[in-house]
Amino acid sequence: RLRLLAGGSRDAGTRHTSLRAALDWSYRLLDDRGRVALRRLAVFAGGCTLDAAEDVLSDERLPRADVAAVLADLDERNLVVVRARDGQRRFLLLESVHDYAEEQLTLDAREAELTRSRHLAWCTAHVRAHDVQGDDSAAALDAIFAEWPNLLRALDGAVGTERAADALRLALALDDAWMFRGLHNQARRHYATLCDSPSLSDAERAQALSNYAFASTLAGDHAAAGELLDLASRHAEKAGDATLRMRVLYHRGIWFVEEGRPVDALNPLREGARIALAAGREQSASAFDDVIATALLYSGDAAAAAELYSRANASDRRAGRTHGLVRGLVNEATALLSLGRIEAAQRCADEGLELARALHDPVAESTLRAVAGQAALTRGESIEAVRALRAALTELTPGEIDAHLCELDLADALTVAGDLHAARQAVLSVLDASEQRGVVWLLAQPTLAEVTARLGDLATAAELVAAAEQEYAARGFGWPIAVRRLDRARVAVARSDGG
């Protein structure tokens, strides 16, 4: 027992020594081109295609035209594994060979740095070659994330090096793909480590900080997002770039909306929309319309919001912007439900669900299932609403805004269904995870007040109703669904008090 604790199996070291000797022997048998290729392959994670290998491995010591033949030789010697995927050959190193190759590469710091720089450049070119805003955005997203191990290695490996600014440019290229896949925290992690990179222009820094703020808003970190937007605004002003200023205004408007301050959102959003129209940027103008509609919805004008959502969605349909259309259909359905137009809302949700499936977008699918749950609740089918909302939650990222909104809808459905303790737990879990008093906090108060009243704590319920009324009035918050829930909470307090 002591021997095992001290060193494990007595033959483990022998096996390791034998493997090392075999790798040393195999490496020495290679010609110079083979040794160069093997050690440089270590920069890849998850393997690479031949095109990628030719871009990253080749230089004056290993001509591009020779890369294929050298890889074939390494395969013959069992130092490289060749796999077929999506009709392409992919070259991989087994873990033990990869570790050995990486060790050999690091013996020459200059060669290692140049190879990693070429790998980073290849990753950036790969992302830029696939248009996630185009007609076949699902295929573009699949192609980008097929190389995610390589992209991740390039991003993480550049932190604190001279490659950091180029890695930030890779992050900027990836931003739309991250947002479409709902990977807000992934985006935040990389922006946090790369936004301070030296050698960035004011324009690049402004774009990165604004994107970082947007991801932080969607992840629920409103305080950080506000500070980042202030920094982004300063760099955008220094850059003197109207497009960047428009981007910051867009993200600022969304931040105000998520803060539960819809009236404050309208000025920056309308200013940004004017810049977009003046520049002839219909897509950007449509995006502003979508957020302006949300601000109007949250401030209580559901009819104007539904009309504006419909206009933005029509623009996205004409231009084939499928991802934007899916999100827009969620919003239009929500506005229609606020107006009690259940059938029209369901048509929007059905169209969106079909598109989301074609895009292989599980987050959008789940958000649309949540809309179906809201529709069921509006029809008075609370049990069906609970089922649909619980199913929707399974694909949503805990702690992010979509998940919080779905949980609050679930709490409301549970309340109507009479499962008060489960409803209270659902509301409290959202409030615990969302410490800031933004839109999530505002939406939680009516349901918490109603549940509290129906569980018999009238004094606390009355305080919750009064506090919500005060906050709604101060912020100009009047989303009809939330207002109806607040009315229901008042009734619950009065009825319990009278009983």
Side-chain angles (χ1 to χ4, degrees), residues 210 213-214 216-218 220-230 232-233 245-277 284-312 327-328 330-339 401-402 404-405 408 431 434-447 449 464-487 489-490:
S210 192
F214 181 50
S216 297
T217 298
L218 296 179
D221 192 350
H222 299 168
E227 294 174 5
L228 289 165
L229 284 167
D230 290 342
S233 183
R245 185 160 171 269
M246 180 180 69
R247 187 182 198 86
V248 176
L249 288 167
Y250 178 73
H251 290 157
R252 176 83 71 183
I254 292 172
W255 177 74
F256 273 129
V257 167
E258 299 302 337
E259 278 272 278
R261 297 159 59 186
V263 176
D264 292 334
L266 290 171
N267 282 339
L269 290 171
R270 285 170 173 159
E271 184 181 354
R274 283 193 293 271
I275 295 172
L277 288 170
S284 298
S286 175
F288 274 103
D289 279 350
D290 195 73
V291 187
I292 291 169
T294 301
L296 291 170
L297 177 64
Y298 281 5
S299 61
D301 194 346
E307 183 179 346
L308 205 49
Y309 282 137
S310 179
R311 189 171 82 188
R327 296 302 191 272
V330 171
N331 293 335
E332 186 177 354
T334 303
L336 291 168
L337 285 175
S338 296
L339 293 167
I401 183 69
D402 287 338
H404 286 328
L405 295 177
L408 291 177
L431 291 173
S434 178
E435 297 176 1
Q436 298 168 53
R437 293 161 72 93
V439 69
V440 170
W441 181 88
L442 287 172
L443 293 173
Q445 300 311 299
T447 302
L464 288 167
V465 168
E469 289 172 338
Q470 184 177 355
E471 287 289 341
Y472 279 33
R475 302 189 197 198
F477 189 81
W479 187 13
I481 288 175
V483 170
R484 286 199 288 270
R485 290 176 185 173
L486 189 56
D487 289 340
R490 288 192 196 95

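Keep in mind that this is a model prediction, so the values were computed, not measured. These numbers come from the heavy atoms of this one structure, side chains and all, not from hydrogens, waters or symmetry mates.
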Distance (rounded to the nearest 0.5 Å) between L408 CG and R485 CZ: 7.0 Å
Where S210 and R247 come nearest, the two heavy atoms and their spacing: OG-O, 3.8 Å
Rounded distance (nearest 0.5 Å) linking atom CZ of R475 with atom OH of Y298: 12.5 Å
Full working for side-chain contact (heavy atoms from CB on, under 4.5 Å) between R252 and D230: CA-CA 9 Å; R252 176 83 71 183; D230 290 342; 3.1 Å; yes
Closest heavy-atom pair and its distance - A305, A293: CB-O, 3.2 Å
Heavy-atom pair of closest approach, residues F256 and D264: CD1-O, 3.6 Å
Non-hydrogen atoms of L431 and A444 that approach each other most closely: CD2-CB, 3.7 Å
Salt-bridge criterion met for D487 and R484 (N-O under 4.0 Å): no
Value rounded to 0.5 Å, distance of CG in L297 from CG in L308: 11.0 Å
Any donor-acceptor N/O pair, Q445 side chain to W441 backbone, under 3.5 Å: yes
From V330, L296, D289, N331, residue fulfilling side-chain contact (heavy atoms from CB on, under 4.5 Å) relative to Y309: N331
Parallel, tilted or perpendicular: rings of Y250 and F288 (30°, 60°): perpendicular
Side chain T217, main chain A213, donor-acceptor under 3.5 Å: yes
Side-chain heavy atoms of W479 within contact of V439, under 4.5 Å: no
Where A295 and P262 come nearest, the two heavy atoms and their spacing: O-CB, 3.3 Å
Neighbour count above 12 (heavy atom, 6.0 Å) for E271 CD: yes
Donor-acceptor contact below 3.5 Å, side chain W255 vs main chain F214: no
Minimum heavy-atom distance P446-A482, with the two atoms named: CG-O, 3.8 Å
Nearest-0.5 Å distance that lies between atom CZ in R437 and atom CD in E471: 5.5 Å
Rounded distance [0.5 Å steps], NE2 in H251 versus OG in S216: 11.0 Å
Euclidean distance, I254 CD1 relative to I401 CD1, rounded to 0.5 Å: 11.5 Å
Donor-acceptor contact present, side-chain S286 to main-chain A312, <3.5 Å: yes
